[in-house]
Amino acid sequence: RHQLSNIRAEVRGERATASADVVADHWLGGESWQVRGRYDYALVRDGRDWRITDHRFTLTGEQGSRALL
């Protein structure tokens, strides 16, 4: 489960940037792993649609076991 908050977007003509804080919870069996951080996006207008040209995740914290992967 990925929970987004504090979503921000800025449009500059045919380009835009967006970001959101994220908490991602992962479970498998009785184990869990939670990561916290920020998603950053770059977008470009394609006609009436917006296309994501870059997507990055910046880790700010974690809890649980990475061995879950």
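Both L59 and Y39 sit in one connected hydrophobic cluster of ILVMFWY residues. Membership requires side-chain heavy atoms under 4.5 Å apart, directly or through other members. L4 is connected to L43 through a chain of hydrophobic side-chain contacts under 4.5 Å among Ile, Leu, Val, Met, Phe, Trp and Tyr, so both are in one cluster. The hydrophobic cluster containing Y41 also contains V11, counting ILVMFWY residues as joined when their side-chain heavy atoms lie under 4.5 angstrom apart, directly or transitively. Linking Ile, Leu, Val, Met, Phe, Trp and Tyr residues whenever their side-chain heavy atoms come within less than 4.5 Å places F57 and I52 in a single cluster.
In this structure, the side chain to side chain contact (heavy atoms under 4.5 Å, CB included) partners of L28, at least two apart in sequence or on a different chain, are L68. For R12, the salt bridge (Lys or Arg N to Asp or Glu O under 4.0 Å) partners at least two apart in sequence or on another chain are E10. Applying the side chain to side chain contact (heavy atoms under 4.5 Å, CB included) test to D54 and every residue at least two apart in sequence or in another chain returns A42, R56. Remark: T58 pairs with R38, D40 by the side chain to side chain contact (heavy atoms under 4.5 Å, CB included) rule, at least two apart or across chains. Remark: W50 pairs with no residue by the side chain to side chain donor-acceptor pair (under 3.5 Å) rule, at least two apart or across chains. Partners of Q63 according to the side chain to side chain donor-acceptor pair (under 3.5 Å) rule, which considers only residues two or more places apart in sequence or in another chain, do not exist here. Taking N6 as the reference, R8, D21 meet the side chain to side chain contact (heavy atoms under 4.5 Å, CB included) condition, with sequence neighbours excluded. Residues satisfying the ring-ring contact (aromatic ring centres under 6.0 Å, His included) criterion with H2, sequence neighbours excluded, are H26.
Residue pairs that meet the salt bridge (charged side-chain N to carboxylate O under 4.0 Å, His left out) test with at least one member in residues 22-36, sequence neighbours left out, are R1-D25.
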Derivation and outcome, side-chain contact (heavy atoms from CB on, under 4.5 Å), residues W33 and S65: CA-CA 5 Å; W33 178 46; S65 174; 5.7 Å; no
